[in-house]
Amino acid sequence: MDQRLSGKMAIVTGAGQGIGKAVALRLAREGADIVVAEINRETAEIAVRELQTLGRRALAQPTNVNCLAEIHSLVDRVVAEFGRIDVLVNVAGVAQTKPFLELTEEDWGRIVDTNLKGTVFCMQAVGRQMIRQIPPEVAAQGRADRSYGKIVNFSSISGRRGRSVQMAYAASKAAIISVTQSAALAFSPYNINVNAVCPGVIPTPMWDQIDRDRSRLMGAQPGEALKAFVEKVPLQRAGTPEDVAAAVAFLCSADADYITGQTLNVDGGFEMN
């Protein structure tokens, strides 16, 4: 595999399982050292052991992205251990399937804080570090001469249109498309690229729960909701975590140096916009 990320240091939030873990493994295979920023210490350490078998430096840092103090501790430790941050991938997130009229204030806060607040303040903390890494003589010119960092956020096809039984989740993911564009503008003088991906139907532990909850609301057996979604995919299959990881690796590489503020659907054609 091409070593497009050789010598780079990447933080991947939510990398203990599912898509986040696949992203971490793909970036490592392309040459990056990885920090697994994951709320679950056990899964984070398992992921680190897998990453180390690829010959990469890897570190587990238990992190609740709802907590700004933990985000700052994450950045401080990464800089102390690795000396720099070149890539941030914001995967950490939670989903919920519940009818709109049953949504509670607690539900809203939990989902929006994890998915949106976590993404915003991880971008802010890591972006400040990326800016500090720009050589002073380059910074003095007022515009960086090359890319000095890559940030990839996770939206969802649910962020492309409303969801009556996933209102808070869809709202948080739609907002990520907007904050990605805002951050891309804010970081453009420093030549830091900020993009996002919208995964489609990707069987993971999160999607297993979505399927169970949606199937129950449909009065159907588990698996029926997933099947109904897959039937709408033009490529006629569910995606894999590796499909998404490949797109993320591209956006983290020099191949995407002239791409910023964009949100890429990785969904087999489910949303064509």
Side-chain angles (χ1 to χ4, degrees), residues 10-29 34 36-51 60 62-65 89-98 110-111 114-116 118-119 152-160 163 165-166 168-170 172-173 176 196-218 220-233 235-249 251-252 263-271:
I11 296 174
V12 184
T13 72
Q17 63 178 352
I19 296 174
K21 186 175 181 178
V23 167
L25 289 167
R26 176 62 185 251
L27 299 188
R29 290 189 182 102
I34 307 291
V36 176
E38 163 66 50
I39 195 169
N40 186 315
R41 180 183 293 273
E42 181 179 1
T43 61
E45 291 176 349
I46 291 170
V48 163
R49 288 195 290 273
E50 290 189 42
L51 291 161
T63 305
N64 179 354
V65 297
V89 185
N90 283 307
V91 188
V94 293
Q96 181 187 50
T97 302
K98 179 183 280 191
R110 178 176 63 87
I111 294 166
T114 301
N115 296 352
L116 183 57
T119 294
V152 180
N153 298 323
F154 266 62
S155 181
S156 165
I157 57 170
S158 295
R160 292 297 195 184
R163 295 286 193 271
V165 295
Q166 285 186 309
Y169 178 72
S172 71
K173 293 301 186 177
I176 285 173
V197 293
C198 284
V201 182
I202 315 289
T204 60
M206 178 184 285
W207 243 103
D208 290 344
Q209 185 61 54
I210 292 171
D211 172 71
R212 288 192 294 270
D213 292 341
R214 280 185 169 271
S215 295
R216 176 177 48 79
L217 291 172
M218 292 164 53
Q221 293 297 312
E224 290 300 311
L226 175 62
K227 180 181 177 183
F229 267 97
V230 172
E231 287 175 349
K232 298 176 184 177
V233 176
L235 292 184
Q236 290 294 294
R237 69 171 177 89
T240 67
E242 291 72 26
D243 288 327
V244 183
V248 172
L251 291 172
C252 292
T263 299
L264 174 64
N265 293 343
V266 188
D267 64 353
F270 189 95
E271 294 283 350

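Everything numeric in this text was worked out from a predicted model, so none of it was measured.
Annotation: Arg216, atom CZ; neighbour count of heavy atoms from other residues, nucleotides and ligands within 6.0 Å is above 12. With a 6.0 Å radius and a threshold of 12 heavy atoms from other residues, nucleotides or ligands, Gln221 has its CD atom at or below the threshold.
Residues satisfying the side-chain contact (heavy atoms from CB on, under 4.5 Å) test with Ala15, not counting sequence neighbours, are Val12, Ala24, Val36. Residues meeting the side-chain contact (heavy atoms from CB on, under 4.5 Å) test with Ala28, sequence neighbours left out: Ile34, Leu51, Leu54, Arg56. Among residues two or more places apart in sequence or in another chain, the salt bridge (Lys or Arg N to Asp or Glu O under 4.0 Å) test is passed with Arg237 by Asp243. With sequence neighbours excluded, the residues satisfying salt bridge (Lys or Arg N to Asp or Glu O under 4.0 Å) with Glu50 are Lys21. By the side-chain hydrogen bond (donor to acceptor under 3.5 Å, both in side chains) test, Gln96 pairs with Asp107, sequence neighbours left out. By the ring pair (Phe, Tyr, Trp, His ring centres under 6.0 Å) test, Phe229 pairs with Trp207, Phe270, sequence neighbours left out. Remark: Arg212 pairs with no residue by the salt bridge (Lys or Arg N to Asp or Glu O under 4.0 Å) rule, at least two apart or across chains. For Thr43, the side-chain hydrogen bond (donor to acceptor under 3.5 Å, both in side chains) criterion is met by no residue, not counting sequence neighbours. Under the side-chain hydrogen bond (donor to acceptor under 3.5 Å, both in side chains) criterion, Asn153 pairs with Asn90, Thr180, sequence neighbours left out. Every side-chain contact (heavy atoms from CB on, under 4.5 Å) that Ala249 has, sequence neighbours left out, goes to Arg4, Arg26, Leu27, Glu30. Judged as a side-chain hydrogen bond (donor to acceptor under 3.5 Å, both in side chains), and not counting sequence neighbours, the contacts of Ser172 are Asn115.
With respect to Pro62, the side-chain contact (heavy atoms from CB on, under 4.5 Å) criterion is satisfied by exactly one of Glu38, Glu45, Glu42, Arg41: Arg41. Of the listed residues (Asp267, Val23, Leu251), just one forms a side-chain contact (heavy atoms from CB on, under 4.5 Å) with Val197, and that residue is Leu251.
Here the straight-line distance linking atom CD1 of Ile157 with atom NZ of Lys232 works out to 9.5 Å at 0.5 Å rounding. Taken from CE in Met206 to OG in Ser156, the straight-line distance is 9.0 Å, to the nearest 0.5 Å. Between the OG1 atom in Thr63 and the CG atom in Asn40 there is a gap of 12.0 Å [rounded to 0.5 Å]. Between atom CG of residue Leu226 and atom CD1 of residue Ile202 there is a gap of 10.5 Å, rounded to the nearest 0.5 Å.
Side-chain contact check for Val65 versus Thr114: some heavy-atom pair is nearer than 4.5 Å. In this structure, the side chains of Cys198 and Arg160 come closer than 4.5 Å at one or more pairs of heavy atoms.
With Ser155 contributing its side chain and Lys173 its backbone, the two residues share a donor-acceptor pair below 3.5 Å.
Listed here is the closest heavy atom pair of Val152 and Cys252: CG2-SG, 3.8 Å. Residues Gly239 and Pro203 come closest through the heavy atom pair O-CD, 3.3 Å. Listed here is the closest heavy atom pair of Val266 and Val244: CG1-CA, 4.0 Å. Nearest heavy-atom pair, Val48 versus Ala60, reported as atom, atom and distance to 0.1 Å: CG2-N, 3.4 Å. Pairing each heavy atom of Pro205 with each of Gln17, the nearest pair is CG-OE1, 3.6 Å. Shown here for Ile176 and Phe154, the closest heavy-atom pair between the two residues is CD1-O, 3.3 Å.
Applying the salt bridge (charged side-chain N to carboxylate O under 4.0 Å, His left out) test to pairs two or more places apart or on separate chains, none has a residue in residues 222-231.
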